[in-house]
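Letters go in sequence order (proteins before strands), and every chain restarts at 1.
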Protein chains: 2
Amino acid sequence: MIRLNRLTDYAIVVLGQLAQGDSESRTAAQLAQDSGVPLPTVSKVLKMLAHGKIITSQRGVSGGYTLARPAVLITVADIIAAMEGPIALTACVDGASGGCEVETLCPMRGNWDKVNRAIRDALTAVTLQEMLTVPAGFDPFPLARPPRGLAAAQ
Amino acid sequence: MIRLNRLTDYAIVVLGQLAQGDSESRTAAQLAQDSGVPLPTVSKVLKMLAHGKIITSQRGVSGGYTLARPAVLITVADIIAAMEGPIALTACVDGASGGCEVETLCPMRGNWDKVNRAIRDALTAVTLQEMLTVPAGFDPFPLARPPRGLAAAQ
DNA sequence: ACCAAAGAGGACCGGATTAGTACGATATAA
DNA sequence: TTATATCGTACTAATCCGGTCCTCTTTGGT
């Protein structure tokens with residue numbers, strides 16, 4: 001199970017709220033209430049998204065947040081990148097010769113790149129809009145997975 | 001940055017060692033020495049891989065580990081699945097109605113499935129063999145980013 | 001039959017990461 | 001000028017994960 005941060009999850013939810021709002025400006029408080037996520041946390045998420053240029057913020061008395069562009073043009077890759085930095089599986093890949101101690105022994109430095117690119121492409125192919133449109137008659141709980149835990153798993 | 005466990009990283013390295021060994025049996029101690037990873041940790045990794053049917057183990061006095069099948073037939077998806085459980089981005093996706101508190105509000109439960117499938121496909125497309133063969137003249141450090149403190153694990 | 005080697009399995013602990021909170025600063029419209 | 005709402009940063013608590021240790025089981029050799 002590859003984990004992405006809970007905040008990223010929230011980000012998607014919040015963006016969903018924003019996308020439904022007909023491009024109207026919504027305050028952090030509104031979004032917090034609508035999403036059920038505590039205000040400070042939503043605020044944090046919104047800040048990160050604004051930083052990543054996914055949404056725009058308007059300060060001041062009647063301020064709020066708006067999608068920076070239509071939901072169709074926002075990809076999951078964009079969102080994840082905003083929330084977690086560049087999309088890549090963490091490994092020796094991430095540079096800096098000092099970082100990986102078994103560097104000289106590891107026969108495959110750099111080949112993660114291929115994997116990373118594949119994943120990046122996969123994530124770029126899905127837009128926020130697609131995440132919002134729930135297909136008719138889909139199964140809400142596709143995989144019944146064991147609680148997390150690698151050792152406990154299987 | 002999507003994180004996969006450090007153990008998964010080790011798994012790839014260790015499997016690399018195994019793949020080079022002409023299908024000979026190697027003990028955990030040997031692999032630990034060759035990979036530079038502490039024995040208990042390597043042992044744990046090997047156990048998990050054996051559990052996932054990636055490698056086979058032979059107990060007893062002249063025991064050891066061997067790849068369960070040729071490196072060409074072992075995909076990165078297999079390895080990650082063995083180390084971290086089913087491949088999916090953690091989200092409301094992962095079932096159990098109690099798990100997600102904003103469930104009723106979240107307009108996009110289940111659409112992660114599309115993303116997950118894409119990622120799974122991407123990972124399945126890369127084999128251990130491919131990870132081993134370093135392309136001629138590749139750049140060892142494609143992205144220059146600060147090293148993540150690796151806890152000085154020898 | 002016994003002993004040594006090697007893996008299997010589980011429990012445990014410390015450290016690192018992250019979620020969540022709080023507070024002060026800044027901008028804006030009325 | 002004041003009320004409102006975001007911005008930015010610092011801090012704390014809880015969770016998760018990597019790593020280690022210990023004991024049991026299996027197996028081959030003596």
What is the nucleic acid contact for B:A28, judged by heavy atoms within less than 4.0 Å: base, sugar-phosphate only, or nothing? sugar-phosphate
Where do B:V76 and B:T127 land on the side chain to side chain contact (heavy atoms under 4.5 Å, CB included) test, with the steps shown first? CA-CA 6 Å; B:V76 174; B:T127 69; over 6 Å; no
A:S57: which residues meet the side chain to side chain donor-acceptor pair (under 3.5 Å) condition with it, sequence neighbours left out? none
Could you state the CG-C1' distance from B:D9 to D:dG18, rounded to the nearest angstrom? 13 Å
Could you check how far CZ of B:R26 sits from P of C:dA5, rounded to whole Å? 20 Å
In whole Å, I'd like the distance from the CG atom of A:L49 to the P atom of D:dG8. 14 Å
side-chain contact (heavy atoms from CB on, under 4.5 Å) involving B:Q30 - partner list, sequence neighbours excluded: B:R26, B:T27
Spacing of B:Y65 atom OH relative to C:dA5 atom P, expressed in whole Å: 17 Å
What is the distance, to the nearest angstrom, from the CE atom on A:M48 to the C1' atom on D:dT6? 16 Å
All side-chain contact (heavy atoms from CB on, under 4.5 Å) counterparts of A:A77, not counting sequence neighbours: A:T75, A:I87, A:L123, A:T124
Which residue pairs satisfy the salt bridge (Lys or Arg N to Asp or Glu O under 4.0 Å) criterion with at least one member in residues 58-69 of chain A, sequence neighbours excluded? A:R69-A:D78
Taken to the nearest whole Å, CG/B:N5 to P/C:dT18 is 13 Å
Side-chain donor-acceptor pairs under 3.5 Å in residues 43-50 of chain A, sequence neighbours left out?
none

C:dA8, OP1 or OP2 - any side-chain N/O from B:S57 closer than 4.0 Å? yes
Where along nucleotides 20-30 of chain C does protein come under 4.0 Å, by heavy atom, of base (B) or sugar-phosphate alone (S), with - for untouched nucleotides? BB----BBBS-
